[in-house]
Amino acid sequence: MFLTSAAPSCLSKTQAFLDREHKLLIDGEWVSAQSGKMFEVKNPATGEVISSVAEGDAADINSAVAAARRAFEGGEWPSLTASQRGKLLWKLADLLEENLAEFAELESLDNGKPRAVAAAADVPLAVDLFRYMAGWTTKIEGTTIPISVPYMPGAEFHSYTLREPVGVVGQIIPWNFPLLMAAWKLGPALATGCTVVLKVAEETPLTALRLGELIREAGFPNGVVNIITGFGETAGAALAAHPDVDKVAFTGSTEVGKLIVKAAGESNLKKVTLELGGKSPNIILPDADLAAAIPGAANAIFFNHGQCCCAGSRLFVHKSQFDEVIDGVSKQAAAIQVGPGMHPDCQMGPMVSQIQQDRVCSYLDSGLKQGAEAVVGGKRVNGGGYFVEPTVLVNTQPNMQVIQEEIFGPVVAAIAYEDVEQLVSDANDSIYGLAAAVWTRDISKGHQIARRMRAGSVWVNCYNVFDAALPFGGYKQSGWGREMGYEAINLYTETKAVTVQLQ
Ligand code: ADP
């Protein structure tokens, strides 16, 4: 269902932000790119240019890394107490919350997602993440360790560990949750006392730039957070390869993740964490409550237009219920109100860009050509923006691209199964391992399947449940390390073992 009535205009403060000239945040100042270049930001619902931002490249990355290094090694930031760091993070969360409506509009105009979803999920989750990480600042503890040292009989020691910030961190984020991905990355880095160069996605630079304004307002010392807008092949690649960056944290495609690892290896062996693609299985067992599982399966794939790395894109349904479930999910898909994210009734916006729309549609074409059938959807929505119909594919085969590869769009491939043993092995048959879900009334079975899934997150009788306290990340080619929770704190620290010989 496509919304045809016009979307309302945005708040005057949102418009004022769009109209401002957007520069790079380096060493606490907004500066132009050294090349002087700018690039346009488009509203994916219309294709219209809504703003323009500086095009940072390797030269600007160099300046930003130098600023981050200075801030890490001297001055105000390293001398702050843990509690003072926590207070700054909490203040940032408060400022973000105060500006929630503006952030939700910017996210909707820049990324395409429904404003209501950004206001209910993206922005509050980012606020909560900063508060959660503020709490960790005072709890990053080492341990005391009894040691024996067999070759020093009689000697006495006091050994303990310190957890220290890993240093200057390069963070490269994608366009699907622009503000939230910035928060997931910045939160643990700042809680642990690192300094950051953040390279935002070229498709969606706006909310991170607005966040940069709030970071200054909150009172973070200069150079602690530097924000570079620019392209992946130039700015992103320069950050991943920079010899003075201690860690790079990346979220994006598996293909680019491999380039990041290579760049890290060939430069200075910086630490790497990666949150990459997925092709997550969503399993409905025969005893499931279908009244919950059917809308759950629709939400698993259609939330954020399927532009979620953990989207439930392979739907496994028992043969005996296949028609009923597919009919239910297809009805849900057909009822989704697609339109500009700023429209108050919008439930699904456009793909983020023309490139993404073309990519999703080429997967649809390949699936249909290989014999899959679209029960609902299956093509782009012609009109101003980059819309794709919510799609349910059946008659899929294991060797099809639509089963094996991440589409990153509103396309679910349904698979009928007969045998639960075979089901587990088919569900795990993917190069990815980001998420999985199982729907069942038998909670023991739910736990058993959860254990057998080779995935970093498993949901039972729910999907897309995120919390700042829950670690998120992937098995296999879905990534290295975890975001959020204490796991993320760990990955932004080094462990130092100190041993004192007692006289
Ligand atoms: P997508 O293909 O969905 O846009 P990408 O993995 O290409 O996802 O992009 C995620 C982030 O990685 C973006 O910020 C992008 O600019 C950045 N990026 C893309 N290519 C490179 C690269 N070669 N090196 C470093 N970063 C990159």
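Side-chain atoms are counted along with the backbone in the values below, which use heavy atoms only and exclude waters and symmetry mates. Just so you know, ligand 1 is whichever comes first in the structure, and atom 1 is the first atom listed for that ligand. Note that the structure is predicted; figures quoted are calculated from it, not measured.
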Please list, in number order, the atoms of ligand 1 under 4.0 Å from a heavy atom of Gly236. 24 (N), 25 (C), 26 (N)

Does the side chain of Gln401 come under 3.5 Å of the side chain of Ser366 through a donor N or O and an acceptor N or O? yes

Just by distance, no angles: are the side chains of Asn62 and His242 close enough, under 3.5 Å, to form a donor-acceptor pair? yes

Strictly below 4.0 Å, N to O, side chains only: are Arg210 and Glu107 in salt-bridge contact? no

Tell me if the aromatic rings of Phe17 and His22 count as close, with their centers under 6.0 Å from one another. yes

Less than 6.0 Å separating the ring centroids of Tyr432 and Tyr475? no

Arg359 heavy atoms, cut-off 4.0 Å: which ligand 1 atoms fall inside? 2 (O), 3 (O)

With a 4.0 Å cut-off, would you call Asp244 and Arg69 a salt bridge? yes

Taking atom 15 (C) of ligand 1 as the reference point, the nearest protein heavy atom with its distance: Glu202 OE1, 3.4 Å

Do me a favour and list the nearest non-hydrogen protein atom to atom 12 (O) of ligand 1 with residue, atom name and distance? Phe250 CE1, 3.2 Å

Counting each atom of ligand 1 from 1 as listed, which ones have a heavy atom of Leu259 under 4.0 Å away? 23 (N)

For a quick check under 3.5 Å, do Tyr363 and Glu405 share a side-chain donor-acceptor pair by atom type? yes

For ligand 1, which is the ligand I care about here, please tell me if Lys199 has any N or O atom under 3.5 Å from one of the ligand's N or O atoms. yes

re atom 22 (C) of ligand 1, the protein heavy-atom contact at minimum distance is Gly232 O, 3.4 Å

Number the atoms of ligand 1 from 1 as they appear, then name those within less than 4.0 Å of a heavy atom of Ala237, with their elements. 24 (N), 25 (C)

Please state whether the rings of Phe220 and Trp77 are parallel, tilted or perpendicular, taking 30° and 60° as the class boundaries. tilted

Ala240 and ligand 1 - part of the residue with a heavy-atom distance under 4.0 Å: neither

Numbering the atoms of ligand 1 from 1, which are under 4.0 Å from a heavy atom of Ile173? 11 (C), 13 (C), 14 (O)

Nearest to atom 7 (O) of ligand 1, what protein heavy atom do you find, and at what distance? Val256 CG2, 3.6 Å

Before signing off on this row, confirm whether Thr251 and ligand 1 have an N or O atom pair separated by under 3.5 Å. no

Look at the rings of Phe39 and Phe231 and say which category their plane angle falls in: under 30° parallel, 30 to 60° tilted, over 60° perpendicular. tilted

Name the closest protein heavy atom to atom 4 (O) of ligand 1, giving the residue it belongs to and the distance to 0.1 Å. Trp175 NE1, 3.0 Å

Could you check whether atom 18 (N) of ligand 1 has a protein contact, counting only heavy atoms that fall below 4.0 angstrom? yes

When rounded to the nearest 0.5 Å, the distance separating CG of Leu25 from CG of Leu211 is 10.0 Å

Shortest protein heavy-atom distance from atom 5 (P) of ligand 1, along with the residue and atom involved: Ser253 OG, 3.7 Å

Give the atom numbers and elements of ligand 1 that come within less than 4.0 Å of a heavy atom of Ile260. 25 (C)

